Amino acid sequence: MSESPISDRSEIVTRFAPSPTGFLHIGGARTALFNWLYARGRGGKMLLRIEDTDRERSTDEAIAAIVDGMRWLGLDWDGEAISQFARADRHREVVEELLAAGKAYRCYASREELAEMREKARAEGRAPRYDGRWRDRDPAEAPEGVAPAIRLKAPSEGETVVDDKVQGRVTWQNKDLDDLILLRSDGTPTYMLAVVVDDHDMGVTHIIRGDDHLTNAARQTQIYQAMGWPVPVMAHIPLIHGADGAKLSKRHGALGVEAYREMGYLPDALRNYLARLGWSHGDDEVMSTEQMLDWFDFDGIGKAAARFDFAKLENLNGLYTRQTPDDQLTAAFLKSLPHLPGGSAFLGALDETGNARITAAMDGLKERAKTLVELLESAKFLIEKRPLDLDAKAAKILDDKGRQTLADLLPALTACTDWQVPALESVVRDFAERTDRKLGAVAQPLRAALTGRGTSPGIFDVLAVLGREESLGRIADQTG
RNA sequence: GCCCCCUUCGUCUAGCGGUCUAGGACGCCGCCCUCUCACGGCGGAAACAGGGGUUCGAGUCCCCUAGGGGGCGCCA
């Protein structure tokens, strides 16, 4: 284990350390993103550590979900993911050192005693905490047959300071912090100990995590100091809240990133949104990955919690959708189908013709879609089989008058030999003019017949994409 | 209860003592464009939590209050 002081290391090392008890939720994804941006933007390393010491709740499925989520978001890490549980021996080794140095001690207090202490402290208006009764007691007084927990002998006077890159200089009075447990009475390391030892051993130089860990930072600092290890740079970023300002819960957006995938968001758009949530670079809203890497710094991180706003995410996603070149978007769309509701059925119905139509129609489709789900919805007419089902709006447009218009138009379209947008457009416009109709009075029934909907891409594009045979057939279906 | 943190338009935010009659983005409302829906263009309503200081001058610094958040486990 290298113990070079942080100041000697030129390379920045960050880490993302999720506990595998569920999916990668959106807050975790942002934490991972910030770590990634900071490290990658500075040519440093980003590590992944799985905090799986809670054997009851940790699952392999959760690890897979976290890894999938990160990959989908385009966040990579260096080396293999590290299991915290697997490092328990090393954690115990450190506790031995602490014990030998008189920086830790065995505590034989029972759970009942601890509960009493907490109650008493609370009644006296103090923080509920351990009273240190075994701190200086002679080990000879240890009760028979009781396995002790090992506690850190933390300083009881003075203060502990965390010089946080986001929160600023935060100070605690040591009297308000009790002697935390390092090793449970069953010999397993606690989270507080494991995190410090792992971050140190992994050479982590910058800890970027949610500000729910701010208090932990103080206690962990005490462990670093007891070991004489350099304390990494800390940056505690504000949490993400739901639209109502309360902590993110399932009914808000505390969904796994795979849920956002299923809602049809593009990873690049989500990344941009997440980066911009709680962090800013002047007035810049839309930024490329390169720009984010270049610009990201602690300076731009706000101190207040940010609310998750789906409307803004959706807007940004629409922007990215429109911005993506047709071929790339088509590829992304096809790839995402298995993850979209109804996407598998669509995929199953796809044939060569359908594929070609999607590619041809993408330019008009993407202009109107804010998500891939909307894109899927609006692409359905391309592969539907005749005769089409009409939605309510289309049915209303295709009343007697509408169908008559189509019947009148059909010969002119049938006579069109050049089935391309310019020619089709002039045929339809000429027809409208000749029959003294407004273009809309022709276009709408046409749209309804061709797509079964009241809305679609430009009608001339639809005609061209569908092709002569299919278009004339769909029109004929409605003129019966 | 105790400790810590936070507070600019509805939301994300710019602002790092004077250039702020507070800027941008999303959303919202009008108008324009228009074959539908979008896109786009133009315009509009909309905020410095409250109170004390400091200062020639405060959204920017300090204190208090209120409100919000986080933490107080032999969980992570």
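Residue numbers start from 1 in every chain, and the chains themselves are labelled A, B, ... in the order their sequence lines are given, proteins ahead of strands. Note that the structure is a prediction, hence the values are computed from the model and not measured.
Note on A:S456: every side-chain N or O is 4.0 Å or more away from OP1 and OP2 of B:U36. OP1 and OP2 of B:A76 both lie 4.0 Å or more from every side-chain N or O belonging to A:R57. Checking the phosphate oxygens (OP1, OP2) of B:C6, a side-chain nitrogen or oxygen of A:K303 falls inside 4.0 Å.
A:T171 comes within contact range of the sugar-phosphate backbone alone, with a heavy-atom separation under 4.0 Å but no base atom that close. Nucleic acid contact class of A:L239 (heavy atoms, under 4.0 Å, all strands): sugar-phosphate only. Residue A:R118 is in sugar-phosphate contact alone, with no base atom involved, counting any heavy-atom pair closer than 4.0 Å across all strands shown. Contacts of A:A109 with the nucleic acid, taken as non-hydrogen atoms under 4.0 Å apart, include base atoms. A:R453 comes within 4.0 angstrom of nothing in the nucleic acid, heavy atoms only. In this structure, A:K393 reaches the sugar-phosphate backbone alone: every heavy-atom distance under 4.0 Å involves primed, P, OP1 or OP2 atoms, never a base. Heavy atoms of A:L214 sit under 4.0 angstrom from primed sugar atoms or phosphate atoms, though from no base atom. Within 4.0 Å (heavy atoms only), A:P457 reaches at least one base atom of the nucleic acid. Looking at heavy-atom distances under 4.0 Å, A:T188 makes no contact with the nucleic acid at all.
Annotation: A:H241 is not in aromatic contact with A:F308 [ring centroid separation under 6.0 Å not met].
In this structure, A:R474 does not pair ionically with A:E384, as no charged nitrogen and carboxylate oxygen lie closer than 4.0 Å.
Atom P of B:G53 sits at a distance of 33 Å from the matching atom of B:U13, rounded to the whole Å. B:G15 and B:G70 are spaced 27 Å apart, taking the C1' atom of each and rounding to whole Å. For the P atoms, the distance linking B:A14 with B:G71 amounts to 25 Å, nearest Å. For the C1' atom pair drawn from B:G44 and B:G52, the interatomic distance equals 37 Å after rounding to whole Å. On the P atoms, B:U54 is 16 Å away from B:G59, given to the nearest whole Å. B:G10 and B:C2: their C1' atoms are spaced 35 Å apart (whole Å). A distance of about 11 Å separates the C1' atoms of B:G68 and B:A49, rounded to the whole Å. For the C1' atom pair drawn from B:U60 and B:G18, the interatomic distance equals 11 Å after rounding to whole Å.
In this structure, A:D211 places its CG atom 19 Å from P of B:C3, rounding to the nearest Å. Between the CD atom of A:E56 and the P atom of B:G73 there is a distance of 21 Å, rounded to whole Å. Counting to the nearest Å, the P atom of B:A76 and the CZ atom of A:R219 are 13 Å from each other. Atom CG in A:D163 sits about 17 Å away from atom P in B:C4, given to the nearest Å. Whole-Å rounding puts the A:R151 CZ to B:G73 C1' distance at 10 Å. One atom, CG of A:N174, and another, P of B:C4, lie 12 Å apart when rounded to the nearest Å. Rounded to a whole Å, the CG atom of A:D164 is 13 Å from the C1' atom of B:G70. The distance between atom CG of A:L446 and atom C1' of B:C37, rounded to the nearest whole Å, is 16 Å.
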Quiz item: Along nucleotides 8-15 of chain B, 5' to 3', which nucleotides get a B, which get an S, and which get a -, given that the test is a protein heavy-atom distance under 4.0 Å?
Solution: ---SBSS-
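By the 30° and 60° cut-offs, the orientation of the rings of A:F296 relative to A:F298 is perpendicular.
Heavy-atom distances to RNA chain B give each of A:V170 and A:D178 a nearest nucleotide, and the one nearer the 5′ end belongs to A:V170. Residue order along RNA chain B, read from the 5' end via each residue's closest nucleotide, puts A:Q167 first among A:Q167 and A:P18.
Within 3.5 Å, a donor on the side chain of A:S185 pairs with an acceptor on the base of B:C74, or the reverse. Judged by distance alone, with hydrogens and angles left aside, A:R447 brings a side-chain donor or acceptor within reach of the base of B:C35, the pair sitting under 3.5 Å. If you check distances only, the side chain of A:N216 does reach the base of B:A76 with a donor-acceptor pair under 3.5 Å. In the interface, the side chain of A:R322 is not paired with the base of B:C39 through any donor and acceptor atom under 3.5 Å apart.
Side-chain N/O atoms of A:T371 and A:N317 include no donor and acceptor closer than 3.5 Å. Judged by distance alone, the side chains of A:N174 and A:T160 do bring a donor and an acceptor atom under 3.5 Å apart. Between the side chains of A:D400 and A:Q404, no donor N or O sits under 3.5 Å from an acceptor N or O. Using modelled atom types and a 3.5 Å distance limit, the side chains of A:R447 and A:S456 yield a donor-acceptor pair. Side-chain contact of A:Y105 with A:D179: a donor-acceptor pair under 3.5 Å is present, judged by distance alone. Side-chain atoms of A:Q222 and A:R219 form no donor-acceptor pair, as typed in the model, at a separation below 3.5 Å.
Within residues 419-433 of chain A, the residues that place at least one heavy atom under 4.0 Å from RNA chain B are, in residue-number order, A:R429.
By the rule that a glycosidic angle within 90° of 0 means syn, B:C39 counts as syn.
Nucleotide B:G59 forms a pair with no other nucleotide shown, judged by Watson-Crick or G-U wobble geometry with both contacts under 3.5 Å. With a cut-off of 3.5 Å on both Watson-Crick or G-U wobble distances, the partner of B:U7 is given as B:A66. Using Watson-Crick or G-U wobble geometry with both donor-acceptor distances under 3.5 Å, B:C2 finds its partner in B:G71.
The main-chain N or O of A:P20 is never found under 3.5 Å from a side-chain atom of A:R57 such that the two would form a donor-acceptor pair. A:E113 contributes a side-chain N or O that, together with a main-chain N or O of A:S110, makes up a donor-acceptor pair within less than 3.5 Å.
Taking every side-chain heavy atom of A:I181 into account, B:C74 is the closest of B:G70, B:C74, B:C35. Relative to the side chain of A:W172, the nucleotides B:C74, B:A76, B:C4 differ in distance, and B:C4 lies closest. Taking only side-chain atoms of A:A311, from C-beta outward, the nucleotide of B:A76, B:C26, B:C74 with the closest atom is B:C26.
Among residues at least two apart or in separate chains, ring pair (Phe, Tyr, Trp, His ring centres under 6.0 Å) pairs with a member in residues 116-137 of chain A are A:Y108-A:W134.
Here A:L266 contributes atom CG and A:N272 contributes atom CG; the two are 11.5 Å apart, rounded to the nearest 0.5 Å.
Annotation: cation-pi geometry not satisfied between A:R49 and A:F16 (NZ/CZ under 6.0 angstrom from ring centroid, within 45° of ring axis).
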